[in-house]
Amino acid sequence: MNVLIDADGCPVVDIAIRLCGTYGLPCLLLCDTAHEFHREGAQTLVVGKGADSVDYALVNRVRAGDIVVTQDYGLASMCLARGAQVLHQDGWAYTPDNIDALLLLRHNSRKLRASGSRVKGPKKRTQAQNAAFEAALRQMLHTSVQG
């Protein structure tokens with residue numbers, strides 16, 4: 001089992017790397033050349049800059065049973081289809097039961113923006129969001145390692 005992180009703009013990379021180290025699991029960070037960075041305790045894969053280049057690189061590497069961290073609903077959907085567990089950076093899991101509604105929300109938001117409407121962006125990240133992510137990933141890792 002591997003943990004793959006859509007690392008472009010991901011605020012929980014360090015938390016995920018630390019937890020992967022605790023469980024002795026490999027962690028792969030995927031980013032493009034515009035966001036290139038390296039962290040001790042993780043392998044980094046840098047792909048060419050381009051629309052969805054990181055997403056396609058990640059989905060081509062994910063296997064059933066892997067854990068993926070992303071805030072991208074489309075990528076989450078593709079990873080679920082490949083049998084991965086997928087976790088949002090705010091600590092909630094993408095599931096077959098919620099992904100369709102999330103994709104519809106993304107579609108409707110895109111239509112609103114295209115028509116000139118403004119859609120509010122995310123609020124400032126909180127420690128509670130970091131704690132929720134850490135608890136959810138810890139539980140996912142524990143369950144996967146034990147099971």
Side-chain angles (χ1 to χ4, degrees), residues 1-110 113 119-147:
M1 177 184 61
N2 295 300
V3 177
L4 298 93
I5 302 174
D6 177 9
D8 289 344
C10 182
V12 294
V13 168
D14 293 329
I15 295 169
I17 292 170
R18 180 173 42 80
L19 287 175
C20 287
T22 299
Y23 286 89
L25 295 172
C27 183
L28 177 62
L29 308 177
L30 290 96
C31 59
D32 67 27
T33 55
H35 300 96
E36 186 174 345
F37 59 90
H38 301 276
R39 296 284 199 289
E40 187 174 328
Q43 179 185 356
T44 300
L45 176 63
V46 180
V47 298
K49 191 166 78 169
D52 301 321
S53 60
V54 170
D55 297 352
Y56 293 124
L58 193 152
V59 82
N60 285 325
R61 283 166 178 74
V62 72
R63 302 287 177 254
D66 285 347
I67 295 174
V68 175
V69 177
T70 185
Q71 64 180 345
D72 183 306
Y73 298 169
L75 176 58
S77 177
M78 291 186 287
C79 292
L80 285 173
R82 298 197 103 195
Q85 300 177 76
V86 188
L87 188 61
H88 187 273
Q89 65 190 23
D90 289 346
W92 50 268
Y94 296 92
T95 69
D97 294 330
N98 68 13
I99 195 64
D100 288 339
L102 293 167
L103 289 169
L104 180 61
L105 176 67
R106 179 181 78 162
H107 173 73
N108 288 336
S109 293
R110 188 173 287 160
R113 284 191 305 274
V119 178
K120 287 188 177 184
K123 295 178 181 177
K124 186 175 185 217
R125 186 147 186 94
T126 67
Q127 285 299 335
Q129 288 169 302
N130 288 341
F133 172 80
E134 183 168 352
L137 181 58
R138 184 182 306 278
Q139 180 61 42
M140 205 175 265
L141 291 169
H142 180 76
T143 301
S144 295
V145 170
Q146 299 299 318

- prompt: Excluding sequence neighbours, so at least two apart, what forms side-chain contact (heavy atoms from CB on, under 4.5 Å) with Ala136?
  reply: Leu87
message: What's the separation between atom NE2 in His88 and atom SG in Cys10, rounded to the nearest 0.5 Å?
response: 9.5 Å
- line: On a heavy-atom basis, the closest approach of Ala93 and Asn98 is O-ND2, 3.0 Å
Separation between OG1 of Thr33 and NZ of Lys49, rounded to the nearest 0.5 Å: 6.0 Å
- request: Provide the full list of side chain to side chain donor-acceptor pair (under 3.5 Å) pairs with a residue in residues 53-63, sequence neighbours left out, each pair given once.
  value: none
query: Should Asn130 and Gln127 be marked as a side chain to side chain contact (heavy atoms under 4.5 Å, CB included) after you check the CA-CA gap, both sets of side-chain angles, and the distance that decides it?
result: CA-CA 5 Å; Asn130 288 341; Gln127 285 299 335; 3.8 Å; yes
- prompt: Please walk me through it: do Leu28 and Asn2 pass side chain to side chain contact (heavy atoms under 4.5 Å, CB included)?
  reply: CA-CA 8 Å; Leu28 177 62; Asn2 295 300; over 6 Å; no
Side-chain donor or acceptor of Ser77 paired with backbone N/O of Tyr73 under 3.5 Å: no
message: Can you tell me how the ring of His142 sits relative to the ring of Tyr23, calling it parallel under 30°, perpendicular over 60° and tilted otherwise?
response: perpendicular
message: Could you report the tightest heavy-atom contact between Gln85 and Ser144, atom names first, then the distance?
response: NE2-OG, 2.9 Å
task: Flag the pair Ile5 / Val12 as yes when at least one side-chain heavy-atom distance between them is below 4.5 Å, and no otherwise.
output: no
field: Partner set under side-chain contact (heavy atoms from CB on, under 4.5 Å) for Cys20, not counting sequence neighbours
entry: Val3, Cys27
All pairs passing side chain to side chain donor-acceptor pair (under 3.5 Å) where residues 11-22 contributes a residue, at least two apart: Asp14-Arg39, Arg18-Glu134
Minimum side-chain heavy-atom gap Ile67-Met1 below 4.5 Å: yes
Distance-minimising heavy-atom pair for Leu58 and Cys79: CD2-SG, 3.7 Å
message: Using the rule side chain to side chain contact (heavy atoms under 4.5 Å, CB included), only one of Asp32, Leu29, Leu75 pairs with Val54; which is it?
response: Asp32
field: Sequence neighbours excluded, every pair satisfying salt bridge (Lys or Arg N to Asp or Glu O under 4.0 Å) that has a member inside residues 81-90
entry: Asp90-Arg125
Close side-chain approach of Pro26 and Gln43, heavy atoms under 4.5 Å: no
field: All side-chain contact (heavy atoms from CB on, under 4.5 Å) counterparts of Ala64, not counting sequence neighbours
entry: none
- prompt: Who are the side-chain contact (heavy atoms from CB on, under 4.5 Å) partners of Ala76, not counting sequence neighbours?
  reply: Thr70, Val86, Tyr94, Ile99
